[in-house]
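Have a look at the structure below before the remarks.
For clarity, every value in this text was computed on a predicted model and none was experimentally measured. Values below: all heavy atoms of this structure, side chains included; hydrogens, waters and symmetry mates excluded.
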Amino acid sequence: MNSTPAGAVDRPGSGDRAIPAAGTARTATDRPAYGEPATAVFSALGTTAVLLTANPARADDALLILRAELASIDAACSRFRPDSELSRANVTACAGPVPVSALLAEALEAALRAAELTDGAVDPTVGPAVVALGYDRTFTQVAARLPEDTGPTAAPRPAAGWRNVRWDPVLRLLRLPAGTTLDLGATAKALAADRAARRAAAAVRCGVLVNLGGDLSVAGDPPDGGWRIAVADDHAAPDLGLGHPVVSIRDGGLATSGTTVRTWRRGGRTLHHIVDPATGDIPPPVWRTVSVAAASCVDANTATTAALVLGERAPDWLRGTGLAARLVRTDGSVLYTGAWPADGDDR
């Protein structure tokens with residue numbers, strides 16, 4: 001699954017500007033004081049997973065839930081594992097309808113919803129196009145070829161189109177057009193963050209933040225002042241949080257998608273994992289990174305990916321959604337939509 005650059009988690013601070021999201025948190029006077037949240041960091045889904053648990057005494061329980069959720073998502077939705085349910089469905093669903101599990105059904109419906117909301121700018125049938133550009137294995141394996149240029153790419157392959165996917169949500173039956181494979185990377189990692197945060201918070205009864213390579217989801221009662229997020233091009237940058245804008249969120253999700261971190265050379269071009277389904281090629285370079293806060297991580301990630309594909313049309317589209325967003329052009333200039341605070345105000 002694709003990983004996107006984004007934010008690191010900082011300590012809550014009263015001077016931060018909060019980004020509104022869905023839901024209403026309890027007041028600080030109603031919330032137990034636990035001190036510093038417990039932090040766990042480990043590798044998962046080809047990226048870095050970070051878990052913050054507001055009550056350190058329940059951190060181990062929250063971590064078990066997160067690890068189980070990530071294992072389930074990987075087994076259901078990975079396009080890099082030949083034994084994943086998605087890989088098997090991609091092979092067999094062109095011949096006839098195939099039944100899928102409840103988890104893959106949820107991931108598929110999230111992907112189809114994203115396609116509908118973005119009018120196809122985010123499309124799960126983009127898989128063959130991504131492979132044709134050279135993202136045909138995990139990014140760790142792709143990066144191992146760098147800085148080698150592996151030769152010309154195949155001709156761009158426009159996506160078959162999400163409307164051609166035949167999906168029966170009642171019987172959970174999937175049928176794909178001939179030659180089509182699904183890639184759920186644009187939404188499945190964000191879905192994992194949402195599911196894990198909700199499950200963990202419900203089980204441990206305190207605030208939880210899950211960060212999967214910059215796809216963040218929070219649930220439960222946040223720390224006083226909310227969860228502080230440092231926004232940057234690369235979630236793994238050594239100086240993350242130093243000199244970067246910082247915002248706080250109390251609920252929902254926040255995601256950042258970018259075109260500068262997960263890159264490779266092929267055919268004399270620098271390529272990345274964001275592909276325009278209409279052309280099967282990377283979109284024209286307009287935005288370096290896009291960050292969005294939304295009611296869920298899935299919605300936030302959907303919007304960031306769509307904005308990179310839409311290019312110059314992205315600001316108007318984002319304004320139409322009402323979402324808070326921060327867009328960074330390739331020249332470094334910054335544009336905001338919705339309730340996102342200007343960088344000078346959000347530290």
Side-chain angles (χ1 to χ4, degrees), residues 2 4-7 16-22 110-111 113-123 126 159 162 185-187 190 214-217 229-235 243-249 252-263 270-347:
N2 296 339
T4 56
D16 297 319
R17 290 285 300 279
I19 300 177
R113 175 177 174 270
E116 183 175 15
L117 291 176
T118 62
D119 196 24
V122 181
D123 189 322
V126 78
W162 66 278
T187 50
D215 286 343
L216 289 89
S217 185
I229 312 298
V231 181
D233 286 358
D234 185 358
H235 75 275
H244 294 293
V246 176
V247 296
S248 65
I249 62 172
L254 187 149
T256 300
S257 292
T259 61
T260 61
V261 177
R262 293 210 157 200
T263 64
T270 298
L271 304 172
H272 53 76
H273 67 284
I274 304 295
V275 175
D276 183 349
T279 65
D281 204 350
I282 60 173
V286 175
W287 309 108
R288 190 174 73 200
T289 55
V290 180
S291 303
V292 172
S296 69
C297 188
V298 169
D299 284 354
N301 185 276
T302 295
T304 59
T305 304
L308 289 172
V309 171
L310 292 172
E312 294 291 358
R313 295 175 290 158
D316 286 342
W317 181 82
L318 284 166
R319 292 185 187 103
T321 68
L323 295 174
R326 177 181 185 268
L327 302 93
V328 184
R329 290 187 178 273
T330 53
D331 65 4
S333 59
V334 184
L335 182 150
Y336 312 93
T337 70
W340 194 288
D343 287 358
D345 299 329
D346 60 358
R347 298 180 191 281

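- The side chain to side chain donor-acceptor pair (under 3.5 Å) check on T187 picks up nothing, with sequence neighbours excluded.
- Counting heavy atoms from C-beta outward, W340 and V231 have side chains that approach closer than 4.5 Å.
- Closest non-hydrogen pair, I274 versus G258, comes out as CG1-O, 4.2 Å.
- Note: S257 OG to D215 CG = 7.0 Å, rounded to the nearest 0.5 Å.
- Taking CG from D299 and OG from S217, the interatomic distance works out to 10.5 Å, rounded to the nearest 0.5 Å.
- Annotation for A339 and A324: closest pair N-CB, 3.8 Å, computed over non-hydrogen atoms.
- Distance check: L327 CG to W287 CH2 gives 5.0 Å after rounding to the nearest 0.5 Å.
- T337 places a side-chain N or O within donor-acceptor distance of the main-chain N or O of L323, the cut-off being under 3.5 Å.
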Enumerate donor-acceptor pairs with a distance under 3.5 Å from any side-chain N or O in residues 309-319 to protein atoms, sequence neighbours excluded.
residue	atom	partner	partner atom	Å
E312	OE1	R329	NH2	3.3
E312	OE2	R329	NH1	3.2
D316	OD1	R319	NH1	3.0

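- Annotation: the span from C297 atom SG to L216 atom CG amounts to 6.5 Å, rounded to 0.5 Å.
- Closest non-hydrogen pair, P277 versus G120, comes out as CG-O, 3.3 Å.
- Among residues two or more places apart in sequence or in another chain, the side chain to side chain contact (heavy atoms under 4.5 Å, CB included) test is passed with T330 by P285.
- Between R326 atom CZ and L254 atom CG the span is 11.0 Å, to the nearest 0.5 Å.
- S291 meets the side chain to side chain donor-acceptor pair (under 3.5 Å) test with T256; sequence neighbours excluded.
- Checked by atom type, the side-chain pair T279/D281 shows no donor-acceptor distance below 3.5 Å.
- Under the 3.5 Å distance criterion, the side-chain polar atoms of D123 are matched with a main-chain donor or acceptor of W162.
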Given V122 and E116, is the side chain to side chain contact (heavy atoms under 4.5 Å, CB included) satisfied, shown in steps?
-> CA-CA 8 Å; V122 181; E116 183 175 15; over 6 Å; no

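- For the pair T305 (side chain) and T302 (backbone), a donor-acceptor distance under 3.5 Å is absent.
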